[in-house]
Amino acid sequence: MDILGKITYGILDLIFPPEPFCVVCSKKLGAGERTICAGCESKLVPILPPVCKKCGRPVEYASLCRDCRTNSRSFAEARSFGHY
């Protein structure tokens with residue numbers, strides 16, 4: 001799509017916003033739902049401490065998971081809310 005088309009669709013999205021859909025299951029969002037639907041939100045399982053200080057994966061006892069201890073990473077730190 002050319003730049004003029006992108007601008008046109010951007011303006012149309014401002015005037016007539018597209019209907020919001022869940023980013024997980026693509027179901028139409030209801031009132032009060034912003035990014036994910038209530039069904040998908042209820043299935044989220046949070047990652048609780050202890051977690052690896054580098055990648056955020058669950059660990060049993062160490063401060064770094066085995067993967068982060070043995071492999072170099074291109075990031076300083078990462079964290080996820082839940083399992084995916």
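In this chain, residues are counted from 1 in sequence order.
In this structure the side chain of Phe81 never reaches within 4.5 angstrom of the side chain of Ile47, judged on heavy atoms. Residues Cys55 and Cys65 have side chains in contact (heavy-atom distance under 4.5 Å, counting atoms from C-beta outward).
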Give every donor-acceptor pair under 3.5 Å between a side-chain atom in residues 15-41 and any protein atom, sequence neighbours left out.
unit_1	atom_1	unit_2	atom_2	d
Glu19	OE1	Lys28	NZ	2.8
Glu33	OE1	Gly30	N	2.5
Glu33	OE2	Ala38	N	2.8

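For Arg73, the salt bridge (Lys or Arg N to Asp or Glu O under 4.0 Å) partners are Asp67, not counting sequence neighbours. Looking at residues two or more places apart in sequence or on another chain, you find no salt bridge (Lys or Arg N to Asp or Glu O under 4.0 Å) involving Glu60. Checked against side chain to side chain contact (heavy atoms under 4.5 Å, CB included), Thr8 has the following partners two or more places apart in sequence or in another chain: Leu4, Leu12. In terms of the side chain to side chain contact (heavy atoms under 4.5 Å, CB included) criterion, residue partners of Pro50 (sequence neighbours excluded) are, by chain and number, Val59.
Panel note: side chain Arg57, backbone Cys52; no donor-acceptor pair is recorded below 3.5 Å.
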Val51/Arg79 under side-chain contact (heavy atoms from CB on, under 4.5 Å): CA gap, chis, key distance, verdict:
CA-CA 9 Å; Val51 298; Arg79 187 70 167 98; 3.9 Å; yes
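Here the closest non-hydrogen pair linking Ala76 and Lys54 is O-CD, 3.4 Å.
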